[in-house]
**Student:** 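Take a look at this one; I'll ask things after.
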There are 2 protein chains.
Amino acid sequence: MTTTTNQLLLGDCLQKMNEIADSSVDLIYLDPPFFTERKHKLKNRQRTKEFSFDDIWKQESSYAEFLHQRILKMRDLLKDTGSIFVHCDKMANHIVRGVLDDVFGSEYFQSEIIWQYKRWSNAKKGLLPSHQNIYFYSKTHDFTFNKVFMPYSEATNLDQILQRRTRDKHNKSIYARDEQGSIKQADAKQGVPLSDVWDIPYLNPKARERVGYPTQKPLLLLERIIALVTNQNDLVLDPFCGSGTTCVAASLANRNYIGIDQSEDAIELSQTRLDKPVKTQSTLMQKGRKAFEQANIQALQCLANIAYNPVHRNQGIDAILVEHHHGAPVLVKVQKEAETLQQAKQLLRNAMNVKASKMGFLIRTQLAQDEHSAEAKQDTQDQDTASIIYVIETVELSIRRRYA
Amino acid sequence: MTTTTNQLLLGDCLQKMNEIADSSVDLIYLDPPFFTERKHKLKNRQRTKEFSFDDIWKQESSYAEFLHQRILKMRDLLKDTGSIFVHCDKMANHIVRGVLDDVFGSEYFQSEIIWQYKRWSNAKKGLLPSHQNIYFYSKTHDFTFNKVFMPYSEATNLDQILQRRTRDKHNKSIYARDEQGSIKQADAKQGVPLSDVWDIPYLNPKARERVGYPTQKPLLLLERIIALVTNQNDLVLDPFCGSGTTCVAASLANRNYIGIDQSEDAIELSQTRLDKPVKTQSTLMQKGRKAFEQANIQALQCLANIAYNPVHRNQGIDAILVEHHHGAPVLVKVQKEAETLQQAKQLLRNAMNVKASKMGFLIRTQLAQDEHSAEAKQDTQDQDTASIIYVIETVELSIRRRYA
DNA sequence: GAACCCGATGAATCCTCGC
DNA sequence: TGCGAGGATTCATCGGGTT
């Protein structure tokens with residue numbers, strides 16, 4: 001049997017998976033639906049002194065049964081080098097784990113991935129839920145895995161890490177030295193293996209990427225999973241594809257895909273997204289939180305000795321000073337490379353209107369086309385609102401100016 | 001029955017807990033021993049097509065039974081306002097969760113806490129394990145909880161947070177505006193509620209706090225848990241107290257404690273620690289990770305487009321290139337403001353000797369007193385070691401030079 | 001085969017040395 | 001004697017090799 005790839009199938013995956021050849025899939029990702037009705041049944045149950053596992057499972061059995069049947073079939077579809085990633089509802093992760101241990105075997109459990117994100121807070125008593133669990137099992141020990149390396153920790157003595165080590169006669173670890181007694185260097189290192197805790201921004205409620213599916217996942221999450229355990233032209237299957245994120249990510253990464261869903265709407269939506277994929281264009285999404293911190297280094301350096309709160313994700317403002325001025329916040333904006341001074345000023349002015357700010361600082365970083373225009377040099381006083389924008393230059397710009 | 005507090009009990013907690021009065025404990029923390037023998041039993045088990053839940057559990061049942069008996073008793077010991085925190089082994093978290101759901105009821109599940117950390121890596125194919133799970137259940141809905149707030153994330157729209165919000169007639173959340181229609185500023189906010197993902201440094205192998213217990217937890221972790229769900233003079237119980245971290249943390253926070261352990265050594269050790277508690281106080285602990293990042297911003301900026309590993313805490317080196325040269329690392333140093341070129345060169349040269357590096361780059365950022373000296377302009381070749389230092393200038397410096 | 005040993009690992013602390 | 005820079009050391013966890 002040959003499998004037609006790059007298609008979306010409408011129906012229960014239990015049936016539809018029969019259209020896929022055994023041992024043909026490289027990665028299965030699923031976020032199975034979770035039926036919350038069961039939960040309430042538990043409420044009034046009697047606690048018994050004599051413990052039986054059946055008690056736990058009876059409550060969950062219909063769900064576990066549902067999942068078990070399907071995951072059994074999924075295992076057959078996987079190549080020997082294939083992997084499965086199962087996204088868990090927080091009320092059911094023990095059930096999912098139990099089923100996976102049964103079908104794949106606990107020795108093929110690779111990782112519990114924690115997808116961590118910051119989120120808008122709620123008023124709930126307790127801790128703010130800010131993670132989800134993804135279980136990663138491989139079919140065999142010979143699974144495809146593309147190693148990813150991350151930077152060393154800031155607290156690491158990196159120069160020492162690069163020294164070769166050995167053990168002395170007491171089996172104590174020491175640095176290796178050559179005949180002259182100088183330290184031997186280790187081979188080139190690439191960094192630290194990727195951790196099982198992933199800090200990936202939660203899909204912002206207003207993101208363009210969002211298509212209205214409650215459990216929609218960020219593309220970045222799926223892209224990372226796909227990059228980790230598949231290669232180009234491999235086949236990715238999502239048996240509960242929903243809004244189609246997995247398929248879109250696979251398609252963007254030049255992998256083949258098959259998506260299955262019971263809902264006609266889901267299939268239609270997925271197809272639309274596949275025809276014209278939209279990925280949220282935010283610095284945070286693309287480069288991660290670290291890059292976000294560095295993106296504005298220049299701006300922050302200018303402010304090095306002033307007490308300020310950095311502001312991200314706002315075109316008009318890069319920082320708000322801690323000190324207020326006449327009871328209103330003082331805003332700071334750094335001119336971006338692509339902005340003319342005019343544009344930058346207007347953005348800051350808008351922001352100041354919204355924030356009712358009376359004082360703003362605009363930090364120039366770019367030479368103007370017409371260096372002699374009045375606008376380029378003067379601070380701006382807005383007649384209506386009595387607010388003022390001071391224009392400041394970076395040191396570097398003032399040097400370049402003398403050459404202009 | 002009255003309970004004697006601030007004591008350590010030797011024995012199986014199943015028996016010893018009988019010495020504690022029912023409904024007298026405010027917090028139970030436990031890190032139950034985990035018997036890894038199970039793992040191997042699972043290995044050769046046949047997967048059966050007809051699915052039975054008993055199959056999953058039979059393997060685990062002796063362990064689950066062990067845990068269930070004890071946790072049942074623990075629930076009785078808890079006050080109605082009390083909570084339990086259970087630390088899980090990564091191979092057993094589904095078992096623990098199942099038992100807790102059974103004893104406490106899933107509606108009293110409050111959080112799965114992810115304790116996240118950085119740690120030395122290993123050769124594992126796959127993701128680097130860097131978290132542990134802690135389950136948090138309350139006995140009733142009326143549990144003690146002290147809200148904790150953390151600083152806002154870098155990606156938060158801080159400017160929006162500072163705007164006062166209200167609801168319109170359709171009960172939709174909107175920004176509050178004054179008579180003139182401009183936005184009202186909110187009062188100072190406390191921050192974001194504490195997340196269920198905790199970044200707490202792992203107990204370092206060299207830490208003096210370490211006492212030799214393999215599963216010893218950092219005091220910081222227990223301190224946070226205790227602060228979260230207990231008040232002064234409350235009673236904290238650890239039925240598997242091991243090295244006694246829980247009791248020490250409770251004692252330091254002016255809570256009462258009871259620790260139980262089967263091992264005489266553990267009890268003795270715990271008592272020693274209680275008499276003279278040691279807590280790690282380091283730069284990382286005190287100033288946090290951020291302190292490292294900001295120390296060196298300027299140097300890192302100069303290296304923007306080169307593949308390098310940043311080096312902290314070493315005067316002679318700011319970075320090591322990823323690529324090696326003639327089998328030796330290539331070192332990079334950025335001249336600091338207070339350093340003359342001579343001094344900078346010497347520091348780099350020393351570092352190169354120690355690291356046996358053949359090639360180094362020194363990035364000039366300062367104009368020399370005597371701009372015309374030969375030393376200022378020339379690269380340095382060391383006759384003895386055949387190593388060479390290339391001197392490079394920043395763009396900014398070369399502009400300033402033309403004015404010098 | 002199974003049990004054991006051994007080397008590699010990197011985070012982060014302790015510790016020493018020099019001024 | 002105090003302090004800071006940076007060198008030294010440890011540990012749990014893998015894989016792989018060897019009894």
Side-chain angles (χ1 to χ4, degrees), chain A residues 107 110-111 141-142 145 147 149-177 181-196, chain B residues 34 36-37 39-41 43-44 89-91 116-132 199-220 278-289 291-292 295-296 309-318 320 331 336 339 343 347-348 350-351 353-355:
Chain A
E107 63 168 321
Q110 297 297 340
S111 290
H141 287 304
D142 181 33
F145 191 86
K147 283 198 170 179
F149 294 96
M150 304 299 277
Y152 292 95
S153 160
E154 304 81 5
T156 298
N157 294 338
L158 187 63
D159 51 326
Q160 291 185 277
I161 290 288
L162 293 177
Q163 293 168 194
R164 179 159 292 151
R165 276 178 295 179
T166 182
R167 287 181 188 277
D168 68 6
K169 52 189 172 233
H170 307 299
N171 202 33
K172 203 179 70 169
S173 176
I174 54 169
Y175 290 127
R177 293 172 186 275
S182 48
I183 282 173
K184 286 200 269 189
Q185 292 300 308
D187 304 325
K189 305 211 180 183
Q190 313 168 74
V192 186
L194 183 63
S195 146
D196 58 4
Chain B
F34 178 71
T36 39
E37 304 83 64
K39 206 171 135 190
H40 304 294
K41 286 193 206 145
K43 216 181 261 186
N44 300 322
D89 183 279
K90 73 161 182 267
M91 295 311 286
Q116 183 212 346
Y117 45 78
K118 294 184 182 243
R119 212 176 47 164
W120 58 91
S121 62
N122 57 35
K124 185 178 191 292
K125 177 180 176 182
L127 301 166
L128 186 64
S130 0
H131 76 272
Q132 291 177 32
D199 188 354
I200 292 180
Y202 194 84
L203 203 52
N204 191 272
K206 288 294 291 181
R208 211 181 312 157
E209 188 178 321
R210 242 177 211 276
V211 294
Y213 242 76
T215 60
Q216 188 186 346
K217 304 295 178 302
L219 266 174
L220 203 56
V278 175
K279 185 177 166 184
T280 299
Q281 298 290 350
S282 66
T283 318
L284 180 65
M285 293 291 207
Q286 283 166 352
K287 297 187 186 171
R289 230 162 261 286
F292 285 91
N296 223 348
N309 290 310
V311 174
H312 303 267
R313 314 190 333 149
N314 186 318
Q315 261 204 322
I317 322 172
D318 289 304
I320 297 176
L331 309 187
K336 305 298 181 301
E339 291 167 355
Q343 290 167 335
L347 286 167
L348 176 55
N350 293 346
N353 279 337
V354 175
K355 309 291 170 205

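Below, chain A is the first sequence line, B the second, and so on; all start at residue 1.
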**Student:** For B:L128 and D:dG15, what is the distance between atoms CG and C1' respectively, to the nearest whole Å?
**Tutor:**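 Answer to the nearest Å: 15 Å.
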**Student:** Between D:dT10, C:dA12, D:dA12, which one does the side chain of A:R165 approach most closely?
**Tutor:**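 Nucleotide nearest to A:R165's side chain: D:dT10.
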**Student:** Taking the minimum atom-to-atom distance to the side chain of B:K206, which one of D:dT9, C:dA11, C:dG10 wins?
**Tutor:**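 Taking heavy atoms from C-beta onward, the closest nucleotide is D:dT9.
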**Student:** Considering residues at least two apart in sequence or located in another chain, which fulfil the ring-ring contact (aromatic ring centres under 6.0 Å, His included) criterion with B:Y117?
**Tutor:**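 For B:Y117 the ring-ring contact (aromatic ring centres under 6.0 Å, His included) partners, ignoring immediate neighbours, are B:W115, B:Y202.
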**Student:** Rounded to whole Å, how long is the line connecting atom CG of B:L203 with atom P of D:dT10?
**Tutor:**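 The distance from CG of B:L203 to P of D:dT10 comes to 16 Å, rounded to the nearest Å.
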**Student:** Specify the closest pair of heavy atoms between B:L127 and A:F145, including all atoms of both residues, with the distance to one decimal.
**Tutor:**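 Shortest heavy-atom separation between B:L127 and A:F145 comes out as N-CZ, 4.0 Å.
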**Student:** Nearest to the side chain of B:P214, heavy atoms from C-beta on, is which of C:dT13, D:dC14, D:dA12?
**Tutor:**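 Nearest to the side-chain atoms of B:P214, counting from C-beta on, is D:dA12.
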**Student:** What's the closest nucleotide to the B:N314 side chain, out of D:dG7, D:dA12, C:dT13?
**Tutor:**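 Within the option list, the nearest is D:dG7.
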**Student:** Measure from the side chain of B:A123, starting at C-beta and using heavy atoms only, and say which of D:dC14, D:dA12, C:dT9 lies closest.
**Tutor:**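 Nearest to the side chain of B:A123 among the choices is D:dC14.
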**Student:** For C:dG10, take OP1 and OP2 only and decide whether either is under 4.0 Å from a side-chain N or O of B:S121.
**Tutor:**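 Yes, because at least one side-chain N or O of B:S121 sits under 4.0 Å from OP1 or OP2 of C:dG10.
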**Student:** In whole angstrom, give the distance that lies between atom CH2 of B:W120 and atom C1' of C:dG7.
**Tutor:**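 Nearest whole value for this atom pair: 17 Å.
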**Student:** Among C:dA12, D:dC14, D:dA12, which nucleotide has an atom closest to any side-chain atom of B:R119?
**Tutor:**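 Between C:dA12, D:dC14, D:dA12, the one nearest the side chain of B:R119 would be D:dA12.
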**Student:** Please determine whether a side-chain nitrogen or oxygen atom of B:R208 lies at a distance below 4.0 Å from atom OP1 or OP2 of C:dC14.
**Tutor:**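 Yes.
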**Student:** Which part of the nucleic acid, if any, lies within contact of B:Y117, taking any heavy atom under 4.0 Å across all strands shown: a base, the sugar-phosphate backbone alone, or nothing?
**Tutor:**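 Contact class for B:Y117: none.
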**Student:** Checking contacts here: which listed nucleotide (D:dT13, D:dA12, D:dT9) is nearest the side-chain heavy atoms of B:N122?
**Tutor:**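 Comparing D:dT13, D:dA12, D:dT9 against the side chain of B:N122, the answer is D:dT13.
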**Student:** Rounding to a whole Å, what distance do you find between A:H141:NE2 and D:dG16:P?
**Tutor:**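 Whole-Å distance recorded here is 12 Å.
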**Student:** Between B:R210 and B:L203, which heavy-atom pair has the shortest distance, and what is it?
**Tutor:**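 For B:R210 versus B:L203, the nearest heavy atoms are NH2-O, 2.8 Å.
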**Student:** Report the distance from atom NZ of B:K125 to atom P of D:dG15, rounded to the nearest whole Å.
**Tutor:**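 For the pair B:K125 NZ and D:dG15 P, the rounded distance is 9 Å.
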